[in-house]
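Numbering starts at 1 and runs along the sequence shown. Not measured: the values here are computed from a predicted model. Note: hydrogens, waters and symmetry copies are ignored here, and every other heavy atom, side chains too, is used.
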Amino acid sequence: MKPPPAGRLRRATKPSSSAQHRNWKLSYYQLLFTFRSQCPGNHDSRAPYRKALLGQPAAEGPVNSVHVFEEAAVLMCDSSIPGRDEGEFDKETYAWIEATLDELDGSLPALLAFHHPPVALHHPLPDAYQLSQPSSLAALLERRPEVAGLITGHAHTPAATTFAGRPLVVGPGVTWTLRLPWEGEGAADRDAPPGFAFHVLDDEQRLTSHFRVA
């Protein structure tokens, strides 16, 4: 299947006919293709990431991008710190988020997607390497009611919680799954199947996430 052009997705709405249902399904396929390889994690190096995955000139600055649909926007924010496992939004990324939301002018609900969760997930491994300075992100969200939710990864376990009054969804792992403290010894379950999630932002700006295994 050929990937569709970026920036053509719509927020999901309840289908009222078979034609609308087909369009709704198409938007999910577009979502899967559009968001591949856009948000660096703690094991990525920015320069080769840009060159090999994005086809851009190698550069060491944050890898930030925005996908604007007809009725919503997703800001892919680089929380990586070169050479380290914990995360942080640097001044450049905070300025980019603010400028991007200013450009959208509050006309669209937005999701922020980034690698490191800004809250504890109650496991010592991911909690040791979460997003630092979460109060700065909370202050931004307090000024930005158009941000409807946050989507993160990093922890190798699906989780749902809240942050600064917004839903926060953590995507599952692909290479291995985190064992929670009550699930047995050893942090990495390498026999668990890869997981993924479908995220739906509806007309009431409610974020709903469906988790699957591959």
Stepwise, does the side chain to side chain contact (heavy atoms under 4.5 Å, CB included) test hold for Arg46 with Ser80? CA-CA 9 Å; Arg46 290 170 173 175; Ser80 67; 3.5 Å; yes
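- With sequence neighbours left out, Ala155 forms a side chain to side chain contact (heavy atoms under 4.5 Å, CB included) with Leu121, Pro126, Thr157, Val170.
- Take Arg212 and apply the salt bridge (charged side-chain N to carboxylate O under 4.0 Å, His left out) test, not counting sequence neighbours, and it matches no residue.
- Leu178 forms part of a hydrophobic cluster together with Leu125, Tyr129, Trp176, Leu180, Trp182, judged by ILVMFWY side-chain heavy-atom separations under 4.5 Å.
- Rounded to the nearest 0.5 angstrom, Ser79 OG and Glu86 CD are separated by 11.0 Å.
- Using a distance-only test at 3.5 Å, with no hydrogens or angles considered, no donor-acceptor pair links the side chain of Arg143 to the main chain of Glu98.
- Other residues, nucleotides and ligands contribute at most 12 non-hydrogen atoms within 6.0 Å of the CD atom of Glu142.
- Under the rule for a side chain to side chain contact (heavy atoms under 4.5 Å, CB included), the partners of Arg166 that lie at least two apart in sequence or sit in another chain are Leu141, Val147.
- Here the SG-CG distance, from Cys77 to Leu131, works out to 10.0 Å after rounding to the nearest 0.5 Å.
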Start with the C-alpha distance between Val169 and His199, add both sets of side-chain angles, then the distance that settles side chain to side chain contact (heavy atoms under 4.5 Å, CB included), and finish with yes or no. CA-CA 9 Å; Val169 182; His199 304 293; 3.6 Å; yes
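- Note on Ile81 and Trp96: separate hydrophobic clusters, where clusters join Ile, Leu, Val, Met, Phe, Trp and Tyr whose side-chain heavy atoms are under 4.5 Å apart, directly or indirectly.
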Please lay out, stage by stage, how Leu140 and Ile97 fare under the test side chain to side chain contact (heavy atoms under 4.5 Å, CB included). CA-CA 9 Å; Leu140 182 148; Ile97 295 172; 3.9 Å; yes
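- With sequence neighbours excluded, no residue forms a side-chain hydrogen bond (donor to acceptor under 3.5 Å, both in side chains) with His123.
- Going from atom OG1 of Thr152 over to atom CD of Gln130 covers 10.5 Å, rounded to the nearest 0.5 Å.
- In this structure, the side chain of Arg50 engages the main chain of Ala59 through a donor-acceptor pair within 3.5 Å.
- Listed by chain and number, the residues in a side-chain hydrogen bond (donor to acceptor under 3.5 Å, both in side chains) with Ser136 amount to none (sequence neighbours excluded).
- Within the 4.5 Å cutoff, no side-chain heavy atoms of Val174 are placed close to those of Phe196.
- A donor-acceptor contact closer than 3.5 angstrom is absent between the side chains of Asp127 and His122.
- Considering only heavy atoms from C-beta on, Met76 comes within 4.5 Å of His67 through its side chain.
- Under the ring pair (Phe, Tyr, Trp, His ring centres under 6.0 Å) criterion, Phe114 pairs with Phe89, not counting sequence neighbours.
- With sequence neighbours left out, the side-chain hydrogen bond (donor to acceptor under 3.5 Å, both in side chains) criterion links Arg190 to no other residue.
- Looking at Ser209 and Phe198, their side chains never come closer than 4.5 Å, going by heavy atoms from C-beta outward.
- For the ring pair (Phe, Tyr, Trp, His ring centres under 6.0 Å) test, residues two or more places apart in sequence or in another chain that qualify with His116 are His154.
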From CA spacing to verdict: side chain to side chain contact (heavy atoms under 4.5 Å, CB included), Leu201, Glu71: CA-CA 10 Å; Leu201 183 62; Glu71 298 180 5; over 6 Å; no
Side-chain polar contacts of residues 101-113 - donor-acceptor pairs under 3.5 angstrom, sequence neighbours left out - could you list them?
from   : atom 1 : to     : atom 2 : distance (Å)
Asp102 : OD1    : Arg144 : NH1    : 3.1
Asp102 : OD1    : Arg144 : NH2    : 2.7
Ser107 : OG     : Leu104 : O      : 2.6

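- The OH atom of Tyr94 sits 8.0 Å away from atom CD of Gln133, with the distance rounded to the nearest 0.5 Å.
- Between the side chain of Asp78 and the backbone N or O of Val63 there is at least one donor-acceptor pair closer than 3.5 Å.
- Taking the side-chain hydrogen bond (donor to acceptor under 3.5 Å, both in side chains) definition, one finds that Thr93 meets it with Asn64, Asp90, sequence neighbours left out.
- Applying the side chain to side chain contact (heavy atoms under 4.5 Å, CB included) rule to Ala192 yields the partners Thr177, Asp189; only residues at least two apart in sequence or on another chain are considered.
- In terms of heavy-atom proximity, Pro134 sits nearest to Phe163 at O-CZ, 3.3 Å.
- Residues Pro40 and Tyr49 share a closest heavy-atom pair of N-OH, 3.7 Å.
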